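Everything numeric here is computed off the predicted structure, so don't read it as measured data. We're numbering straight along the sequence, starting at 1.
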Amino acid sequence: IDLLWANLCDILGTAATATLVRRAIRRAASNGAELDGVNIDRAAFDYHYSHPDSWHERGNEQASRGLRLLVQELRSLLVDMTGPVVVRRLDRIAPLRRLGMTMGEER
């Protein structure tokens, strides 16, 4: 999620990224994703996110499922707001592709 956040901030800025990720978290949670501990915080004029340390544990299926649902909801929001432009740009980032965080195709 660190790469995704950093790249979205680079493209959209921290305020827009924070807004979209918050919405995606709410939508993913309503679809059963376990996203407790994922927070977006504001410090002065900048936004930061945090997630549980358990998200770094290998084999954490709950975290993987939550992240997949979060990415799906984020993709939907991005397409609604920007068309395919931002998701195409994100899909060109090799480390995100290697992590399976592609957004170009509906899941």
* Carefully, step by step, assess L3 and I93 under the rule side-chain contact (heavy atoms from CB on, under 4.5 Å). => CA-CA 9 Å; L3 282 171; I93 300 167; 5.6 Å; no

* To do: Would you check, one step at a time, whether the test side-chain contact (heavy atoms from CB on, under 4.5 Å) holds for W5 with V21?
  => CA-CA 9 Å; W5 177 268; V21 171; 4.0 Å; yes

* Asked: Can R89 and D10 be said to form a side-chain contact (heavy atoms from CB on, under 4.5 Å), step by step?
  -> CA-CA 11 Å; R89 183 166 171 191; D10 185 45; 3.4 Å; yes

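Scanning both residues, I40 and Y47, for their nearest heavy atoms gives CG2-CD2, 4.3 Å. Closest of all the heavy-atom pairs between P52 and G37 is CD-O, 3.5 Å.
We find the NE2-CG distance between H51 and L67 to be 9.0 Å, quoted to the nearest 0.5 Å. Between the CZ atom in R65 and the CG atom in L35 there is a gap of 9.5 Å [rounded to 0.5 Å]. In this structure, the separation between CG on L20 and CD1 on I25 is 11.0 Å, given to the nearest 0.5 Å. R88 contributes atom CZ, which lies 10.0 Å from atom OG1 of T82 (distance to the nearest 0.5 angstrom). Atom CZ of residue R26 and atom CG of residue L77 lie 9.5 Å apart, to the nearest 0.5 angstrom. Note that the CG atom of L69 and the CZ atom of R27 stand 12.0 Å from one another [nearest 0.5 Å].
In this structure, R23 does not pair ionically with D80, as no charged nitrogen and carboxylate oxygen lie closer than 4.0 Å.
Applying the salt bridge (charged side-chain N to carboxylate O under 4.0 Å, His left out) rule to pairs touching residues 39-58 yields nothing, sequence neighbours excluded.
For N31, the side-chain hydrogen bond (donor to acceptor under 3.5 Å, both in side chains) partners at least two apart in sequence or on another chain are E73.
For the pair L70 and L4, the minimum side-chain heavy-atom distance is 4.5 Å or more. Side-chain contact between L90 and L8 is present, with at least one heavy-atom pair separated by less than 4.5 Å.
Residue M81 is grouped with residue V79 when hydrophobic side chains (ILVMFWY) are merged at heavy-atom distances under 4.5 angstrom, including chains of intermediate members.
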